[in-house]
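We use all heavy atoms of the structure for the numbers below, so side chains are in, but hydrogens, waters and symmetry mates are not.
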Amino acid sequence: MQKIKKAILPVAGFGTRFLPATKAQPKEMLPVVDKPVIQYLVEEAVAAGIEEIIFVTGRGKRAIEDHFDYSFELSKTLVEKNKLDLIKKVQAIENLAKFSYVRQSIPLGDGHAISCAAHLVRDDEPVLIMFGDTLYDSKVSPAKQVIDVFEKYGDPVVGLSQVAAEDVNKFGVIDGLDLGEGNFEIKKFVEKPAIGEAPSNLAAVGIYAITPEVFQTLRKMEHGKSGEIRLADAFDLMLADGRPLYGKQLEGEWLDTGNKFNLIKANIKLGLKDQEIGDDLKEFLKGMVGQF
């Protein structure tokens with residue numbers, strides 16, 4: 001079985017929920033404590049054994065490329081000011097992995113975005129997919145959890161999280177067979193089911209291990225149920241053909257940074273664990289409690 005060494009991160013979305021903050025910067029570059037969201041994902045992927053990161057970008061995403069690139073001017077300034085600790089932090093970002101960038105010129109769906117990077121992946125190569133909202137507070141990164149399940153079964157794996165019953169209509173929800181240890185054999189995908197009609201409360205959170213067969217299925221698709229080329233539709237087609245698909249209920253807390261409240265929540269959660277500001281933030285929050 002081929003090891004997963006590459007990850008595709010689709011980051012071409014507009015981030016309209018965060019306007020006007022995202023008018024001139026990608027939503028993936030919004031900070032959580034002292035790092036942009038996208039850096040957390042890259043670090044998790046690298047810690048799980050990923051060696052190459054492929055970003056699928058769009059117009060206005062140049063800041064992501066600049067963030068992971070070498071900055072001569074910044075390094076020179078930090079050296080002149082003798083800020084050696086900051087130099088190490090900056091250089092660590094540049095050396096995380098090999099980075100590649102492709103453009104999704106027209107937003108035709110998440111499956112289309114993944115297909116835009118297909119030419120950078122060998123025909124026999126499985127790949128990790130991570131969407132920009134999938135930030136986790138966990139002992140074992142979601143990337144490693146999904147890759148471990150892929151290495152066990154050798155077929156595509158969907159990262160899952162339990163969501164509240166009143167929120168199932170916001171996500172793609174699975175129907176599947178519980179295999180134990182948080183693993184599921186997926187039988188059906190239901191995209192944004194009506195409340196009370198969902199087959200479960202296990203939602204896809206935006207992290208996947210996919211095989212070359214998924215790329216082949218996406219390549220044949222002209223459009224899916226929504227009119228776009230969606231990864232969930234490709235999985236439906238594969239399930240209809242009797243192909244196996246697995247799910248992993250991820251351990252840890254999903255910090256979905258896709259809206260303003262959850263981004264603030266992620267800052268607080270991870271800020272409390274930060275060595276530099278954790279204690280001060282805790283005291284601040286204690287003081288705030290009495291005001292409500």
Side-chain angles (χ1 to χ4, degrees), residues 7 9 11 15 17-18 20-22 24-50 53 55 61 63-71 74-75 77-79 81-97 99 128 130-147 159 161-163 205-207 250-292:
L9 277 65
V11 292
R17 292 179 181 178
F18 293 100
T22 51
Q25 72 167 332
K27 69 172 184 177
E28 296 84 5
M29 290 298 295
L30 294 174
V32 174
V33 190
D34 59 353
K35 291 188 290 190
V37 171
I38 196 68
Q39 185 177 330
Y40 285 94
L41 271 61
V42 169
E43 289 174 345
E44 289 176 4
V46 170
I50 297 299
I53 304 290
F55 290 107
K61 300 289 183 170
I64 295 175
E65 296 183 37
D66 290 342
H67 182 71
F68 291 101
D69 196 7
Y70 172 69
S71 173
L74 176 59
S75 295
T77 299
L78 294 175
V79 168
K81 295 185 177 181
N82 200 33
K83 295 187 176 182
L84 303 182
D85 56 333
L86 292 180
I87 291 175
K88 289 181 180 179
K89 284 187 176 182
V90 171
Q91 290 177 340
I93 299 170
E94 301 159 2
N95 298 321
L96 278 168
F99 296 101
L128 182 72
M130 301 178 76
F131 286 90
D133 299 336
T134 314
L135 184 62
Y136 253 79
D137 183 15
S138 58
K139 292 181 179 179
V140 179
S141 77
K144 179 164 176 39
Q145 293 182 55
V146 166
I147 288 174
S161 178
Q162 285 189 340
V163 297
V205 300
I207 180 167
L250 299 172
E251 299 173 5
E253 183 178 2
W254 180 23
L255 303 176
D256 178 8
T257 55
N259 61 56
K260 288 183 282 188
F261 172 73
N262 283 332
L263 182 67
I264 293 172
K265 179 181 172 182
N267 269 281
I268 293 172
K269 285 273 187 179
L270 298 186
L272 288 169
K273 296 185 176 185
D274 186 81
Q275 291 184 351
E276 184 179 346
I277 68 166
D279 291 341
D280 290 339
L281 179 57
K282 187 181 296 184
E283 291 303 314
F284 172 75
L285 293 174
K286 286 179 180 178
M288 290 289 292
V289 170
Q291 299 181 28
F292 297 99

Open item on the list: Taking the side chain as everything from C-beta on, heavy atoms only, tell me whether V37 gets closer than 4.5 Å to E28.
Closed with: no
Does [X] have any side chain to side chain contact (heavy atoms under 4.5 Å, CB included) partners at least two apart in sequence or in another chain, and if so, which?
| X | answer |
| --- | --- |
| V46 | V42, L96, A97 |
| S161 | Y136, V205, W254 |
| N259 | R17, F261, N262 |

Open item on the list: Tell me which one of L128, L9, I38 satisfies side chain to side chain contact (heavy atoms under 4.5 Å, CB included) with I53.
Closed with: L9
With sequence neighbours left out, write down each residue that passes side-chain hydrogen bond (donor to acceptor under 3.5 Å, both in side chains) with [X], or none if nothing qualifies.
| X | value |
| --- | --- |
| K260 | none |
| D34 | none |
| Q145 | none |
| Q25 | none |

TODO: Mind jotting down which residue pairs meet the side chain to side chain donor-acceptor pair (under 3.5 Å) criterion with at least one end in residues 270-289? Sequence neighbours excluded, please.
DONE: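 Applying side chain to side chain donor-acceptor pair (under 3.5 Å) to every pair that reaches into residues 270-289, excluding sequence neighbours, yields D137-K273.
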Apply salt bridge (charged side-chain N to carboxylate O under 4.0 Å, His left out) to [X] and list each qualifying residue two or more places apart in sequence or on a separate chain.
| X | answer |
| --- | --- |
| E253 | K265, K269 |
| K83 | none |
| E44 | none |

For [X] against [Y], the heavy-atom pair lying closest together:
| X | Y | value |
| --- | --- | --- |
| L41 | F131 | CD2-O, 3.1 Å |
| G271 | V33 | N-CG2, 3.6 Å |
| A266 | V32 | O-CG1, 3.8 Å |

TODO: Applying ring pair (Phe, Tyr, Trp, His ring centres under 6.0 Å), name anything that partners F68, two or more places apart in sequence or on another chain.
DONE: F55, F99
- [ ] Can you establish whether the number of heavy atoms outside K144 located under 6.0 Å from its atom NZ is more than 12?
- [x] no
Open item on the list: I'd like to know whether OH of Y70 has more than 12 heavy-atom contacts from other residues, nucleotides or ligands below 6.0 angstrom.
Closed with: yes
